[in-house]
Structure formats: C-alpha cells, structure tokens
Amino acid sequence: MKKSLIALAVLAASGAAMAQSSVTVFGVVDEAVTYVNGADNWNGINSGGNATSRIGFRGVEDLGGGLKANFWLEAGILADSGSGQSGGASGSGLEFKRRSTVGLEGGFGEVRLGRDLTEAYKATSRYDVFGQVGLGVSRLWADANLGSGANAVALTNQRVSNMVTYVSPNISGFKAAVNYGFGEVAGENRDSRYVGAGLTYDNGPLSLGLSGERSNRGANSNLTRDVTAWALGGSYDLGVVKLSAAYRDSKAKVVAGDKDKAKGYYFGLSAPVGAAGEVKASYNRYEGERAGADKYKADQFALGYVHNLSKRTAVYGTYAYIKNKDDGALGQTLGTAATLKDNGSQHGLQVGIRHAF
C-alpha cells in the first residue's frame, strides 16, 4: 500500500511537471505552379509562394516565479524537390538555419542565444503584404544583395548566426529589441560582426517600425563589404482596407570612404473579400548606385489573392511585373532562372496551395 502511494505521488509530480512544459511540432508546406516571362521564359513548381515551406520544433518550460525557458528549432524545405537547401542551409539535408535559439523570458522581456532573423529585419519587413515570399515579395529587404551582376549592391543579411538577442516587454504598445552577432574570427573581433536594433509600436489599427543595423565583412560572413542600413515602416487598418508603407536606406563601404548605395520605398494595401478571401497589391521602387557610377532604378508592381479553405489551408494567386530602367542595368529579377528582356522587364504568374500544421 505504501509503495502504491509513493508511485501515485511520483506520477502526480511527473504530471504536474509535464503540465508546466510543452513541445510543439509545426510547419508549412506551400507549392505553386509558376510562369515567368522574360528573355528566356521559365515555368515550373516553386516552393513557398505564399509562405515559406518549413518544419520546426518549439517548446517552453515554466520555471516558476514568472520565468520561462524556451527553445526554437526551424528548418526550411524546398517542398517542390524535398531538399532542405532553404533559409540559408548550405546543403540539401535538413538544417535548422531558419532559426535555432534557446532563451529565457519573464517580466524583464526575453533573452535568446543562437541564429535567427534580425530584429531590424523583423521591425520593418512585416509591412510587406506578400509576407516576404513569392513573386510579389518586396526586395527592399533582399538577402545580401539588391540586383544582380556587375551592378549588384551589397545589403545586410536577413538572418545572423551566433547572436545574443534581447527583446523588451510590451510597454504601452512599444517594444524594443537588439541583436549582437559575434564574428568569431580569432584575433579580429570586428570581422563578421553584426549589431542591430528594432523599435516597434502597435496600438489598435496603427503599427510603426524603425530599425538600424551594421554588418561587417569577414571570414565568417558572406558579405564582401561593411554595410550600414536603416528602415522605417508602418501600417494603418481602416477595416475595409489596410494601408502599409516602408522606406529603406543602405550603404556599403568600398575603399577610401567611397560607398555603394541602395535605397527604395514600398506601398501596399490589403483588403478582406467576404469571410475567407483577401486581395493585396503593392508597388516597390528600388535604387542602386555603385561607388563612382550611375544610379540604377527598377519598379515593381504586384497583385495577389488568397482564399482560405480552412484555418490551415489556402489557395492563392499572384501576378508580378518588374521593370529595370537604364537598359536593365540594376539586373533585379522576379527571383527565378528566367532572364530579363532587353528592356529590363519580366512578368510572372503564380498559383498555389498552402497548408500549415
């Protein structure tokens, strides 16, 4: 009888501990049939036309006294081929390069260690109505480069490894967050280092974001120049339509104080259609200028529709058009293998299915 009581007590204690902890498996599978019209047309199936395909594991443990421990492991997937070469992964196997963090959170906010999206990126890229994916994605926050070829301009990275992150608690709608990414180059603390911050304000229909960041080149960075950037964005929900806008400015140091420059602005809107639909549209202007060279420009327009079949499943369609000025000198494309036409333009159409679990 005594042993039975002890066993019951152990089981009860174990159950209480389990009740204070949770682990969640989550993910998205998103694929789209895509056609891009350029000098060389391209058609096929893309992964992530409405949301990035991924699989992840996240968990939280209640430590008592308002303190919690958490972890997050997330890997990108190219669902059209089954490859794991997504989100910064170097090979085709599954790598947790989208996010791999562990942290503590409480009344003081949250402290995290590991690889993640930078807080500067999060603070302002959230205003892209296309969610930073698909043909309609705003390339103001493009990863590492704006444009392609000889006139490409270096930008910061969306994700950084070896980071310490602090996120403040919400104070009357305001939240502040900072990142410090170690370069981990022996004897050269400055090389490959990252420093960034984001400030956000969310109150009812109004949302604002401000960010600043500095990425240094080095042995453990894919950047070839030191890059400094800042951005400002915001949105306002009128109920019948939600309006959003953003501006980003980036400078990459070359030599002797000369800098490559990239800047641009974005306008977007989204509106509900019935109980299950959403229509969205955006316009982007991109400008790139290599040190001592001319300024090159491109304009991008996008229109999309998403229809939710359930809380987890949706079908969608996106049309995008990009026009590089100056004989296509900037070389910005819609992101497929299709090359630009002689006049620097491309059209693209994408129709797909998204399922979250």
Quick one: do [X] and [Y] make a salt bridge, cutoff under 4.0 Å?
X: Arg285; Y: Glu287; result: yes
X: Asp260; Y: Arg225; result: yes
X: Asp40; Y: Lys341; result: no
X: Asp30; Y: Arg54; result: no
X: Arg193; Y: Glu188; result: no
X: Lys68; Y: Asp62; result: no

Query raised in the report: Given the rule that I, L, V, M, F, W and Y join up when any side-chain heavy atoms are under 4.5 Å apart, are Val36 and Phe130 in one cluster?
Result: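 Both belong to a single hydrophobic cluster.
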Query raised in the report: Among the clusters formed by ILVMFWY side chains lying less than 4.5 Å apart, do Tyr286 and Tyr296 turn up in the same one?
Result: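 Hydrophobic grouping puts Tyr286 with Tyr296.
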Query raised in the report: Considering the options Leu117, Val164, Thr118, which one meets the side-chain contact (heavy atoms from CB on, under 4.5 Å) requirement together with Asn179?
Result: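 The single option meeting the side-chain contact (heavy atoms from CB on, under 4.5 Å) with Asn179 is Thr118.
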Query raised in the report: With respect to Val129, which candidate in Ser282, Ser138, Ser235 satisfies the side-chain contact (heavy atoms from CB on, under 4.5 Å) definition?
Result: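 Among Ser282, Ser138, Ser235, the one meeting side-chain contact (heavy atoms from CB on, under 4.5 Å) with Val129 is Ser282.
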Less than 3.5 Å apart, any donor N or O on the side chain of [X] or [Y] sitting next to an acceptor on the other?
X: Asp80; Y: Ser47; answer: no
X: Asn216; Y: Ser192; answer: no
X: Asn70; Y: Glu110; answer: yes
X: Thr165; Y: Arg112; answer: no
X: Thr333; Y: Arg139; answer: no
X: Ser310; Y: Arg312; answer: no

Flag if over 12 foreign heavy atoms under 6.0 Å of [atom1], [X]:
X: Lys261; atom1: NZ; value: no
X: Ile353; atom1: CD1; value: no
X: Asp327; atom1: CG; value: no
X: Asn189; atom1: CG; value: no

Requested in this report: Run through Lys251, Lys253, Lys259, Arg217 and flag the one making a salt bridge (Lys or Arg N to Asp or Glu O under 4.0 Å) with Asp226.
Outcome: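 Running salt bridge (Lys or Arg N to Asp or Glu O under 4.0 Å) over Lys251, Lys253, Lys259, Arg217 with Asp226 returns exactly one hit, Arg217.
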Query - Asp116 and its salt bridge (Lys or Arg N to Asp or Glu O under 4.0 Å) partner, picked from Lys122, Lys97, Arg98, Arg159 - result: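 Of the listed options, the one satisfying the test is Lys122.
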Report task. Would you check if the side chain of Gln132 reaches a backbone N or O of Asp128 as a donor-acceptor pair within less than 3.5 Å? Result ->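 A pair under 3.5 Å: no.
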Report task. Using modelled atom types only, decide if a donor and an acceptor are shared between the side chain of Asn308 and the backbone of Ala314 within a distance under 3.5 Å. Result ->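 Not a single qualifying donor-acceptor pair exists.
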Requested in this report: Decide whether a cation-pi geometry holds between Arg58 and Phe26; the criteria are a distance under 6.0 Å from NZ or CZ to the six-membered ring centre and an angle within 45° of the ring axis.
Outcome: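 The answer is yes; both the distance and angle limits are met.
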Query raised in the report: Is the Tyr247 to Trp230 ring centre distance short of 6.0 Å?
Result: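 Yes, the ring of Tyr247 comes within the 6.0 Å limit of the ring of Trp230, centre to centre.
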Report task. Indicate the ring-plane relationship of Phe267 and Tyr283, choosing parallel, tilted or perpendicular according to the 30° and 60° boundaries. Result ->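 Rings of Phe267 and Tyr283: parallel, as their planes differ by under 30°.
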Query raised in the report: In terms of the angle between their ring planes, are Phe182 and Tyr180 parallel, tilted or perpendicular, with boundaries placed at 30° and 60°?
Result: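 Perpendicular: the ring planes of Phe182 and Tyr180 meet at over 60°.
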**Report entry** Side chain to side chain, Asp299 and Lys325, heavy atoms closer than 4.5 Å
**Finding:**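 Touching, per the 4.5 Å side-chain cut-off.
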